[in-house]
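In what follows, a structure is listed as structure tokens, so that the remarks can point back to it.
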Protein chains: 2
Amino acid sequence: MLKQERHNYILEEVRSHNKVLSSELSHKLNVSEDTIRRDLKELSDNGQIKKVHGGAMQHAYIPFSHKDREIYAHEEKVVIVRKAIPLIQDDFVVVMDGGTTNLELARQLPLDLKATVFTNSLPIALQLSEHPKVETVFIGGKILKNAQVAVGLDVINFVADIHADICFIGTRSIHHQFGITDFDREETLTKQALVSCAKHVVSLPISEKINTVQPYKVTGIEKVQTLITELASEDDLLTAYRKRGLQVL
Amino acid sequence: MLKQERHNYILEEVRSHNKVLSSELSHKLNVSEDTIRRDLKELSDNGQIKKVHGGAMQHAYIPFSHKDREIYAHEEKVVIVRKAIPLIQDDFVVVMDGGTTNLELARQLPLDLKATVFTNSLPIALQLSEHPKVETVFIGGKILKNAQVAVGLDVINFVADIHADICFIGTRSIHHQFGITDFDREETLTKQALVSCAKHVVSLPISEKINTVQPYKVTGIEKVQTLITELASEDDLLTAYRKRGLQVL
DNA sequence: ACTAATCGTGCATGAACAGGCATTAAAACT
DNA sequence: AGTTTTAATGCCTGTTCATGCACGATTAGT
């Protein structure tokens, strides 16, 4: 295993768990604690993490109570969500995957919209429970800690019985050739189930996710009917998707 | 657990409750009070909190910062939860109903407890997703707006397959003769299912709920093994329950 | 003023650390 | 190809850090 690989792994761990322990890393990566210490020191000197006795932590601690309030690239996501809302009609059955864009969608739903929303995301369910007319159904299952979404067999079984009008699928990466991809295997399988339970699948990526790829495939691009970004629909970046027959907004 | 983690936790706790008690922190974080004292001293020296006898406070009172975290009769519920925690052992399968007392229980779970928790409450699931070692499984279903819990057939079917070690049932009213009762029909049916999936049922009412009654019956008192209130276990109010063979804490 | 809780200090112990040294492997240079 | 350089890693040693415990001093509540 290369040093760079370890560094990437460590950074990923820190991002998702807020901390790492030297002893744990040493065990997982099969190197001595000395090496880990050197890794941590280097990353710390670069300002990428904060070294502490026994391991390292993320620089800025983002407490639980604030974490879900702040949305990365919020402006862009508001633009996207505005374009997405007209897709939802009264009495629709909607499936909403996790992700901050979908959370923003949940927040911006018109208060007079009457619909049933199935979701596997805890923050989205909480948000929707405050909506006066939307009936919220949580798709239960094992909760993935970082993402605060339910995943796994329970989810997959649950949605097998649903035929939704529209599905908003969380999109970590989308590529005109490789489709929607993600990096967590279990999450990917769950997303596959969500995608296949709706006739109309919508992806809402911010433009920086366009034409990036992650290890695991959620779905091919042909299963996605609509793509909405914060860009103008004629933007060059989206040409490939228009050509493949997607509705681009 | 890293020192820095404790510090973050303490700061967050101070911000949300305006104060912390050394004894409480010591329990929750599973370290000696000496260590907590040292933590508080350090944070205090950095000017991040104000140390006082018995714990610490935040420097300036910020009235509405964490309004959503406030729990009615919080003090009493902390007392209850303290007594409840020893009931949960490592590798237990726990079922947690909704309610603010159970939410407090989720918050106070020792960070080194390893367990699987099934819950139908969104806030509790969110809280538990922050816990490092607890595996959280959400029991999906229709979300009841006010209570933010899942109810209905989906929930009932889900728990039919579970055999839990212990179930903490949310208790709106408990009576030595009429048992646990509630006022929402659908929620009541759901609670019945939760109760019947565990060998050990625990009710955590604050004393003002003792011997009150609601329209619908969740379960008779004979199905409840343990009753925990903020009162001393010998309190007269609890005599009737002791006589009926409940463990009263 | 009395009593129990809380505090501060010092000490002991084990974990984590820094820095030097040896080994290996890859890279760069004759 | 053969040699030198450099980087990466593991191991060793003395040092620092974190923590729990003991014990006397201090404080708060009655």
Side-chain angles (χ1 to χ4, degrees), chain A residues 1-14 17-59 61, chain B residues 1-14 17-59 61 74-76 78-83 85-86 90 108 110-113 132-133 230-234:
Chain A
M1 159 149 291
L2 295 171
K3 190 169 83 154
Q4 192 59 48
E5 290 182 86
R6 282 203 313 275
H7 285 199
N8 289 338
Y9 180 84
I10 291 170
L11 287 174
E12 195 52 49
E13 280 289 291
V14 168
H17 300 328
N18 260 321
K19 67 150 187 185
V20 286
L21 301 181
S22 307
S23 52
E24 253 175 50
L25 287 173
S26 152
H27 190 250
K28 273 190 204 157
L29 302 175
N30 261 324
V31 291
S32 73
E33 294 209 24
D34 300 79
T35 301
I36 295 296
R37 244 196 307 283
R38 275 185 276 247
D39 287 340
L40 295 182
K41 179 156 190 332
E42 200 170 321
L43 291 170
S44 177
D45 289 347
N46 289 345
Q48 309 196 55
I49 56 174
K50 183 174 164 199
K51 221 194 127 354
V52 298
H53 197 90
M57 303 206 54
Q58 212 162 17
H59 243 125
Y61 171 63
Chain B
M1 150 141 300
L2 295 170
K3 191 172 80 158
Q4 188 64 46
E5 283 185 273
R6 283 202 313 274
H7 286 197
N8 287 338
Y9 180 84
I10 291 170
L11 286 175
E12 183 53 24
E13 204 64 7
V14 167
H17 298 327
N18 270 312
K19 68 164 187 190
V20 287
L21 302 181
S22 304
S23 54
E24 222 167 273
L25 288 171
S26 159
H27 266 110
K28 175 70 203 295
L29 302 172
N30 254 338
V31 291
S32 73
E33 295 208 23
D34 300 79
T35 301
I36 296 295
R37 244 197 311 281
R38 277 186 275 245
D39 287 340
L40 294 182
K41 178 158 190 330
E42 200 170 321
L43 290 170
S44 176
D45 289 347
N46 290 344
Q48 309 197 56
I49 57 174
K50 185 173 149 200
K51 221 188 126 356
V52 296
H53 198 89
M57 308 206 41
Q58 77 178 351
H59 263 124
Y61 179 71
H74 183 253
E75 304 281 317
E76 288 82 351
V78 168
V79 174
I80 294 173
V81 160
R82 284 275 195 80
K83 295 196 243 181
I85 284 174
D90 264 353
Q108 302 270 350
L111 292 181
D112 61 349
L113 177 76
K133 297 177 82 175
E230 81 277 17
L231 305 171
S233 64
E234 316 82 34

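The chains referred to below are lettered A, B, ... by the order of the sequence lines, with proteins before strands, and numbering in each begins at 1.
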| task | Measure the spacing between CE of B:M1 and CG of A:L21 and express it to the nearest 0.5 Å. | result | 9.5 Å
| Bounds of contact between DNA chain D and chain A, in 5' to 3' order, using a heavy-atom cut-off under 4.0 Å | D:dA8 to D:dA18
| query | If we only count heavy atoms from C-beta on, is the B:Q108 to B:V78 side-chain gap below 4.5 Å? | reply | yes
| said: Let me confirm one number: the CG-NZ distance from B:L231 to B:K83, rounded to the nearest 0.5 Å. | reply: 7.0 Å
| note | Rounded to 10°, the angle between the first-five-pair and last-five-pair axes of the helix from C:dA1-D:dT30 to C:dT30-D:dA1 is 50°
| query | With the sugar-phosphate defined as primed atoms, P, OP1 and OP2, and the base as all remaining atoms, what B/S/- string results for nucleotides 12-26 of chain C, 5' to 3', for protein heavy atoms under 4.0 Å? | reply | ----SBSB-------
| message | Which residues pass the side-chain hydrogen bond (donor to acceptor under 3.5 Å, both in side chains) test with B:R6, not counting sequence neighbours? | response | B:D39
| task | Kindly indicate, with the supporting measurements, whether the criterion side chain to side chain donor-acceptor pair (under 3.5 Å) is fulfilled by B:S26 and B:S23. | result | CA-CA 5 Å; B:S26 159; B:S23 54; over 6 Å; no
| message | Just so I know, are the side chains of A:E5 and A:Y9 near enough to count as touching, which here means a heavy-atom distance under 4.5 Å? | response | no
| Under the salt bridge (charged side-chain N to carboxylate O under 4.0 Å, His left out) rule, what pairs show up with a residue in residues 26-35 of chain B, not counting sequence neighbours? | B:D34-B:R37
| field | NZ-CG distance between A:K19 and B:N8, expressed to the nearest 0.5 angstrom | value | 11.0 Å
| remark: Residue set satisfying side-chain hydrogen bond (donor to acceptor under 3.5 Å, both in side chains) with B:K133, at least two apart, ordered chain then number -> none
| task | State the CG-CG distance between B:L43 and B:L11, to the nearest 0.5 angstrom. | result | 5.0 Å
